[in-house]
Structure formats: C-alpha cells, structure tokens
Amino acid sequence: MAVELCLLLLLLFCGSTISEVQPIYKPPPGTLDFGFVPAKTYDTGAYHEPGAIGILFKIVHAFLYLVQPNTFPQDLIRKLAQQQFGNTQGDYQKPENVVLTLQAIYYEIGFIVSAALGLLFILLLPLVGLCFCMCRCCDNCGGEMHQRQKKNADCQRSCFATFLFVASLIISVGVLCAYAANQHLTNQVRGAKKLVNSNFKDLKIFLNDTPAQIDYLVSQYNTTKDKALSDLNNVGPVLGTRVQEQLGKEVRPALDAALTMAGAIRETKEALENVSVSVEVLQEGTERLHANLTEVKMHLSNTLNDSACSAAQAASTCNIIRNSLAQLNINANFSGLPGVSSQLAKINDVLKIDLSSLVQKGYAAFNDTPDLVVNQTRNILSAVPYIKSVLESIGSNITTFTRALPVQKILADLMVHLTQSEAYVQDYFPLVEQYDFYRWLGCLILCCMLVLILVFYYLGLLCGTCGYDKHASPTTRGCISNTGGNFLMAGVGFSFLFSWVLMIVVVLTFVTGGNVEKLVCEPFEDKNLFKVLDTPYLLNKHWKNYLAGVIFKNPNVNLTFEKVYSDCKENKGIYTSLHLEHLFNINELLNISMYTEDVALKIEHIQINLSKIILLDEIGKENLLNFSSSGIDGIDFSAYLTEINKSVTKVDLLSFANDLEARADQLPKGALENALKGHANNIRMIHNQQVVPLEQAMKYVKARSTLNQSIRLLKRTSSELMVKVKNVISAVNAAQDLINNNASQVIVQETKKYMDTIIGYFEQYTEWVKESISMEVAACKPIANVIDTAVDIFLCSYIADSVNTFWFGLGGSSIFLIPAIIFAVKLSKYYRRMDTEDVYDDSSVSGTWHFTL
C-alpha cells in the first residue's frame with residue numbers, strides 16, 4: 001500500500017510538459033519564485049555511539065577478523081542460494097554441490113576450528129574432572145595427604161600462588177567484560193522504546209506531509225499561469241520594447257553620431273566667432289604698439305644723425321646703437337593672418353536648418369516603436385482569452401486528477417496499519433523487556449558461576465598466604481592455611497562442574513554472533529549485502545530484479561535494493577528512489593504543446609510595418625554635407641598657432657632701454673647723452689603701458705587663450721571631416737534600411753524569443769516540480785532510518801556486539817580455568833594439613849630421611 005501511495009501521489013508530475021518544443025534560441029526566462037515545499041524535520045538519528053564499551057567491541061571485531069579474515073563471499077552466497085539441495089538423494093554428491101560445500105567450509109574454517117576446540121573442551125573437561133576425582137579417591141593425583149619435603153618448596157609455592165593469582169585476574173577481567181556486555185544489552189533494550197517511537201513518529205510525518213506537499217506543487221501552477229497571462233496581456237509593450245532594444249543596437253548609435261555632428265556644427269560656429277573676435281583684439285593691441293615703436297625708432301634715428309655722433313669719442317657708440325634699431329619692432333603680427341569670415345558665413349547658412357531638431361524627431365519616431373507594435377499585434381491579444389481558458393482547463397485537470405486519486409483512503413489505510421503496528425509494539429514491548437530480563441538473569445548466573453570459582457580461589461590465596469607458617473611442619477599447619485587449601489580445592493571442583501556449561505554457551509553464542517557480524521553486519525555497512533539481494537533471479541528464479549517485480553510487476557526495470565537504500569539514506573524523494581516514473585506517464589496531462597503551437601502559428605503571421613519611422617530626412621543629410629564643405633579644413637591652422645606662440649616684441653624693451661642708457665653714459669656729457677637717455681625712458685614707458693598689458697592684461701590673455709583653443713578645436717573638427725560626415729550618413733542609411741527592409745525579420749526573431757520566455761515559465765515549473773519530487777516531496781529518509789534502526793542499531797550494535805563481547809569475556813575466562821585448576825591443585829598441597837610427613841633424623845647418616853606416621 002505504501003508503494004501504491006507514492007506512485008499515485010508523485011507520478012502526477014513526471015516528465016516534461018513541453019518536450020516537443022525545441023526553440024532555436026532559448027533565452028534565460030524570467031525567474032519565478034515558487035517558494036519552498038513545506039517539509040518537517042525528521043527526528044530519528046539512525047546512529048549509535050556505544051561509549052566506553054566500544055573499545056571492547058573493537059577488540060572483539062579484531063578477534064573475529066583473526067578467526068575469519070576472508071572477505072564477504074558474495075559469489076558463494078549467490079551460488080548457495082541458487083543451488084538446489086536435498087531434492088533428491090544424490091544432490092549432495094554432485095560435483096558442483098561438493099565444491100560449494102568445500103568452499104563454504106573453507107570460508108567458515110576459522111569458526112569450525114574454534115567451535116571444534118570448544119566442543120573438545122566440553123567433552124574432555126568433565127571427563128578429565130571425573131578421572132581426576134576418581135584418581136584422588138585412590139590417593140593418587142595428589143590425593144595422598146602426604147607431602148615430601150623439598151629444598152625449593154618455598155619457591156614452588158610462591159610460583160604456583162603467583163600463576164594462580166594471574167590466572168584469576170584474567171578470569172576476573174573476562175567476567176567483567178561479560179557482565180558489561182550483558183548489562184549494556186539490557187540498557188539498550190530498555191532505551192530502545194524511545195528510538196522505536198521516534199521511527200514511528202517520522203513515518204507519521206512522512207505520511208501526513210506528503211498530501212500537503214502534493215497540494216503545494218499543484219497550487220504553484222497558478223504562479224506559472226498568472227505570470228504567463230500577465231506577459232501575454234502585455235504582449236504589445238513587452239514585445240515592442242524588445243524589438244526596439246534589438247533595432248536600437250544599430251539605430252541609436254547612428255542617431256547619436258548624427259546628434260554629435262549637430263553639436264560639432266554649433267561648436268564650429270562658436271570657434272570661428274572666437275577666432276574672429278580674438279584676432280581683432282590682438283590686432284588692435286599689436287598695431288598700436290607697432291606705431292609707437294616706429295615713432296620711437298624714427299626719433300632715435302634722428303638723434304643719432306646729429307653731428308655730435310660724428311665726433312671720434314661718440315662715433316663707435318652711435319654706430320652700435322644705430323645697428324640695434326632694427327630690434328625695435330613687434331614679433332607677433334596678427335594682422336597678416338587669413339580671415340575666417342567666409343567659413344563663418346557658410347556655417348551660419350548650415351545652421352539655418354536645425355539639425356538637432358531633425359535628429360530628435362528621429363529619436364521620437366523610433367521611441368514610438370512599442371506603440372506601433374501594440375497597434376499591429378491585436379491578433380495575439382484576441383487569442384489571450386482562449387489561451388487563458390486553456391491554461392485554466394489544464395489547472396482544473398490537474399486538480400481534478402489529484403482529487404480523483406484515492407490519496408486520503410490510502411493514507412488512512414496506511415495510517416491505520418502504522419497505528420496498529422505501533423500499538424502492537426507498545427503492547428509487546430513489556431514482554432520483550434520481560435524476556436530480556438530472563439536473558440539478563442541467565443547471563444548473570446553464568447557470570448556468577450565464574451565469580452563463585454573466583455571467590456574460592458581468592459579466599460584460598462588469601463587464607464593460604466596469610467595463614468602459612470614456614471616453620472610449621474605439613475602435619476602441624478594452622479587452621480587458616482588448611483582452610484585456604486580447602487577453598488582452592490573447592491574452586492577446582494566447581495571449575496570442573498561449571499566449565500562445560502559455560503563453554504556450551506560460549507560455543508553457541510560464538511558461532512551465532514560471529515557469523516551474524518561477518519555475514520550480516522559488516523556486509524550491511526559496506527552495502528555488499530544489498531548487492532547479494534540484487535542478484536538477478538536470486539529471490540525469484542523468474543525475476544531479474546526482485547524489487548521491480550514486486551512494485552512494478554515488471555522485473556526488467558533496473559530497480560535495486562542498494563540504489564533505493566542509498567537514495568533514501570540521502571533523503572531523496574521516494575519518487576526518485578523507487579523510479580516510479582515507470583508506472584505512469586502523465587505528459588499528456590500537462591502537455592501545453594497545442595497551446596504553444598497555436599500561439600506560435602499566430603505569431604508567424606505577424607506583419608508589422610515600421611516604415612513610418614524616419615530617422616533623418618534628406619534635408620538633414622544635405623545639411624551634414626554642407627557642413628563638410630564649409631571650408632574649415634582650408635584654414636591655415638599652422639600660421640595661427642605660430643603667431644600665438646610668438647612673443648610680443650623681438651627684443652625685451654626694458655633690456656634695450658637699459659643698454660641704451662648704459663651706452664649714453666659712455667658719451668661725453670652734453671645734449672646727445674641727454675637725448676639718448678630720454679629715448680630710453682620713452683622705450684620703458686612703451687613697455688610698461690603697452691607690452692606689459694599685451695602679456696598680462698586679462699583682455700589680451702583671454703583673447704590669446706581663446707584663439708589657441710578655438711584654432712585647435714577647428715583643427716580637430718576639420719580632420720577628415722568629409723569622411724566623418726559620410727560615415728554618419730552611411731550609419732543612418734543602414735539603420736533606416738534595417739527598419740524598412742529587415743524589421744519584420746527582427747520582429748519575428750524577437751517574437752520567438754518572447755514566446756520562448758513564456759514557454760520557459762512552464763519549463764521552470766516542470767523542472768522545479770521534478771526537482772522537488774526528486775529531493776523534497778515524500779523524502780524517504782524514515783524508510784532508511786527504519787532499516788538502519790532494525791539492522792545496524794538493533795541487530796548489530798545492540799545485540800550482535802553485546803553477544804559477541806559476552807562470549808568473548810566468558811570464553812576467555814573459561815579457557816583460563818584450565819591453568820587455574822592446575823595451579824590451584826599444586827598450590828593446595830602447600831596449604832592443607834597433611835596426615836603424614838617426612839622427618840629428618842640427626843643421629844642417622846647425613847642425608848637420610850625416615851617416614852614417620
């Protein structure tokens with residue numbers, strides 16, 4: 001029933017709903033938020049930590065490895081399970097059966113040898129004990145109450161006492177191990193009720209949460225449907241925006257380039273105007289300076305032509321001054337620069353047409369693309385009601401199909417069975433505890449047998465050691481020493497009585513517990529046990545895969561115990577773990593291919609005309625061509641930059657005036673000297689009043705800077721201006737051609753992308769459902785926990801480890817009873833009071849002993 005429940009609930013969502021659709025381009029669809037599948041946390045932790053006694057468990061495991069070092073015999077178990085034994089009398093004599101028997105014996109040789117030694121112990125020790133008793137009754141085997149004196153008697157007594165004490169200690173350790181294992185098993189059985197209840201609680205959560213998880217998956221179909229309908233209702237704006245973005249990859253750069261060129265035209269006009277104004281300002285200043293310097297040079301030349309300069313003392317000085325007059329002139333001559341009035345006039349004619357306004361109209365027309373698409377996609381909007389009805393019907397079909405499933409009935413039946421099982425466990429658990437108490441009591445009695453023997457040995461050692469008097473003769477030993485010897489012999493007697501009983505229990509538990517550990521627990525841990533169970537035709541000779549045959553009635557489905565257990569261990573959904581997709585195919589239930597094909601058919605017939613969009617008319621293109629032929633590339637930019645970089649005058653006027661005054665001082669005192677000094681003062685005045693303002697006054701500095709910047713801007717703008725303009729016009733024409741001739745192809749392409757996005761919502765829903773079913777819905781961790789609890793914890797950790805540790809301690813103690821018996825018999829002779837003794841006669845020959853009663 002549990003399998004049927006999982007099949008009916010989870011296979012509702014198997015498969016891909018639109019696997020038939022294979023779009024050429026698959027963009028990542030808008031991400032839908034389906035939330036989290038409601039799930040509760042399972043409480044059971046299927047892991048057992050034994051604590052301190054785990055050390056003993058590891059020691060026992062190591063001992064079992066020594067007894068049985070062979071790996072798990074998968075092939076042997078498969079052959080033994082598949083082989084027929086006992087159907088006829090000669091089956092066991094068949095060669096293949098003999099070989100299998102020998103292989104099984106070889107594998108079990110460690111257990112067989114150990115069990116054989118145990119059986120030999122069981123048979124021989126009582127027989128030896130009987131013979132020993134009869135022998136002592138005949139005053140043999142140490143039964144004669146006579147002790148011969150030996151020189152090393154004290155040494156022998158000490159050695160026997162030590163060996164017996166060591167053997168008793170080892171037996172004590174074994175008893176403690178056995179008692180600890182016995183008590184550990186009882187404690188775990190008493191605490192198992194909590195673990196059992198936890199497993200039942202998790203199974204109830206598993207059953208109760210599954211319907212809610214299924215309902216949540218069904219309800220999230222509305223999220224997908226609402227998102228798809230929302231996008232379809234907005235198909236015009238959304239699709240228009242997508243078409244605009246696709247066309248905008250070429251249109252916007254072209255319009256941006258045209259708008260940039262319109263800005264360059266305005267900047268060119270401003271630069272030309274700045275050049276014209278700046279040149280006028282600089283021409284005005286330099287022309288006035290040139291006139292003043294010419295006048296000063298003329299007066300200075302007249303002075304030098306005076307007769308005083310003809311004198312011998314002044315002639316050389318006057319000649320030097322006369323030769324330097326050529327330096328009194330301006331250096332930067334802005335009057336000779338070519339004008340830019342013709343270029344400015346052409347630019348003004350170009351600016352009569354507002355190119356920026358024309359480009360903005362192109363932007364506005366292109367931005368109306370979504371509205372044009374909206375007006376021309378009415379046929380898709382007319383299909384939205386039909387699409388909505390289809391989606392509603394799909395949702396209704398899912399809900400109807402889910403409600404038609406006998407989920408509640410199956411859940412109720414399973415819950416009844418689970419409740420009955422829980423009640424059964426609760427009712428019989430006290431009986432289990434009662435039987436466990438009987439087991440605990442029986443094991444305690446076995447331990448007490450050994451404890452009784454140990455008590456006699458320890459009392460014998462204590463009394464014998466404390467009461468022994470080395471000066472007393474064997475016939476005069478004290479009561480305490482004699483009692484110690486009697487205790488030792490009592491221990492020997494009980495050892496013969498109890499040892500064979502103990503060894504019977506040891507052999508039975510050893511063979512059983514050891515094989516459970518080696519053939520069940522270890523292969524369960526490394527999953528080899530599941531591999532054996534998954535052997536084809538093992539559990540059913542007609543079924544290749546037994547589990548698939550039980551669940552699907554189809555043994556050819558590859559469903560294995562190991563895979564199911566591993567998936568449940570990882571808390572995957574039971575749908576994934578049991579491969580329930582092999583039971584039902586509900587692709588048709590969630591198949592929306594009819595809807596997608598219908599919408600795709602409508603989309604293929606979309607005819608959208610965007611020829612109304614004019615990016616830049618012929619007037620604007622002609623305007624750009626007029627700008628390229630404005631002549632700014634014919635301006636002599638190097639002449640302007642050369643004059644800008646020149647100084648105002650050819651010579652520093654202050655230096656010239658100082659030099660002139662110094663040379664005047666070399667002349668004889670008189671009118672010529674005074675005249676030359678007057679000219680020097682005039683030159684200084686011209687420097688201060690005209691040269692300094694030209695170099696430092698804001699008016700002229702700004703004019704020079706503006707002229708420099710404007711010339712450089714014009715130079716950059718004019719560089720390959722014709723090529724730039726043609727590139728802008730070519731880009732605009734290409735974008736216009738794309739809109740006029742290829743827009744339909746772009747629209748169809750973007751429409752397919754849009755349709756893929758709509759389909760992507762359902763693909764997301766399908767993938768989310770599949771992922772949720774695989775990992776979250778009906779997560780089967782409780783099933784793996786039940787298996788782990790039953791096998792790994794109860795059988796292996798609680799029972800097998802405890803039983804193995806019990807026989808390990810009990811068996812070790814039983815084996816060491818043999819040396820204890822020998823040492824106790826030997827030692828008792830030194831503690832017990834003898835009837836006769838050997839007496840040494842001093843009057844006789846030295847070294848002679850006489851037997852005296």
Side-chain angles (χ1 to χ4, degrees), residues 1-7 9-11 39 41-48 71-75 77-78 81 192 195-196 198-207 209-210 414 418 421 516-540 543-583 773-801:
M1 294 298 292
V3 172
E4 295 176 0
L5 170 68
C6 299
L7 300 178
L9 291 178
L10 301 178
L11 268 174
T41 304
Y42 297 127
D43 296 335
T44 302
Y47 175 76
H48 174 65
T71 58
F72 181 65
Q74 296 185 36
D75 295 336
I77 292 178
R78 291 191 184 102
L195 185 59
V196 172
S198 176
N199 277 276
F200 278 113
K201 179 182 177 182
D202 287 348
L203 289 174
K204 289 180 179 179
I205 292 175
F206 174 77
L207 295 178
D209 281 3
T210 300
L414 287 175
L418 186 62
S421 300
V516 168
E517 175 66 29
K518 301 299 289 188
L519 296 178
V520 178
C521 297
E522 289 184 2
F524 177 82
E525 184 176 358
D526 56 21
K527 299 181 182 178
N528 285 327
L529 186 61
F530 294 108
K531 295 179 181 179
V532 173
L533 294 177
D534 292 328
T535 302
Y537 310 107
L538 178 67
L539 302 179
N540 188 317
W543 287 355
K544 180 180 180 181
N545 296 301
Y546 180 79
L547 192 59
V550 172
I551 297 177
F552 304 126
K553 307 304 180 184
N554 182 7
N556 294 321
V557 176
N558 186 20
L559 183 66
T560 62
F561 288 100
E562 181 183 7
K563 187 65 169 62
V564 172
Y565 174 78
S566 298
D567 288 343
C568 289
K569 190 77 172 177
E570 296 174 4
N571 202 26
K572 292 183 179 180
I574 200 168
Y575 175 83
T576 300
S577 302
L578 295 181
H579 295 272
L580 301 181
E581 66 273 8
H582 294 285
L583 278 184
I773 290 174
S774 300
M775 302 304 299
E776 299 179 58
V777 175
C780 60
K781 185 63 178 286
I783 298 176
N785 285 342
V786 170
I787 297 174
D788 288 339
T789 300
V791 180
D792 188 42
I793 297 180
F794 283 169
L795 178 60
C796 296
S797 296
Y798 288 0
I799 299 176
D801 285 344

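Remember, it's a predicted structure, so these values are computed and weren't measured experimentally.
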Closest non-hydrogen contact found for Lys572 with Ser577 is O-OG, 4.0 Å
Nearest-0.5 Å distance, CG of residue Asp534 to CG of residue Leu529: 9.5 Å
Interatomic distance, Leu207 atom CG to Asp209 atom CG [nearest 0.5 angstrom]: 9.5 Å
Of all the heavy-atom pairs spanning Cys780 and Phe206, show the shortest one and how long it is. CA-CE1, 4.2 Å
Hits for side chain to side chain donor-acceptor pair (under 3.5 Å) against Thr560, two or more places apart or cross-chain, chain-then-number order -> none
Of all pairs that satisfy salt bridge (charged side-chain N to carboxylate O under 4.0 Å, His left out), the ones with a partner from residues 792-801, not counting sequence neighbours: none
Who passes side chain to side chain donor-acceptor pair (under 3.5 Å) against Lys204, sequence neighbours left out? Glu422
Under 3.5 Å, which donor-acceptor pairs do the side chains of residues 519-528 form with other protein atoms, sequence neighbours left out?
from: Glu522; atom 1: OE1; to: Lys518; atom 2: NZ; distance (Å): 3.3
from: Asp526; atom 1: OD1; to: Asn528; atom 2: N; distance (Å): 3.1
from: Asp526; atom 1: OD1; to: Asn528; atom 2: ND2; distance (Å): 3.2
from: Asp526; atom 1: OD2; to: Asn528; atom 2: ND2; distance (Å): 3.2
from: Lys527; atom 1: NZ; to: Ser566; atom 2: OG; distance (Å): 2.9
from: Asn528; atom 1: OD1; to: Gln74; atom 2: NE2; distance (Å): 3.0

List the residues meeting side-chain contact (heavy atoms from CB on, under 4.5 Å) with Leu547, not counting sequence neighbours, and say none if there are none. Ile551, Leu559, Phe561, Val564
If you compare all heavy atoms of Asn558 against all heavy atoms of Asn545, which two are closest, and at what distance to 0.1 Å? CA-ND2, 3.9 Å
State, to 0.1 Å, how close Ala800 and Val516 come at their nearest heavy-atom pair, and which atoms those are. CB-CG1, 4.1 Å
Suppose the criterion is side-chain hydrogen bond (donor to acceptor under 3.5 Å, both in side chains): which pairs have a residue in residues 779-788, not counting sequence neighbours? Tyr565-Asp788, Lys569-Asp788
Rounded to the nearest 0.5 angstrom, the OG1-OH distance for Thr789 and Tyr798 is 8.0 Å
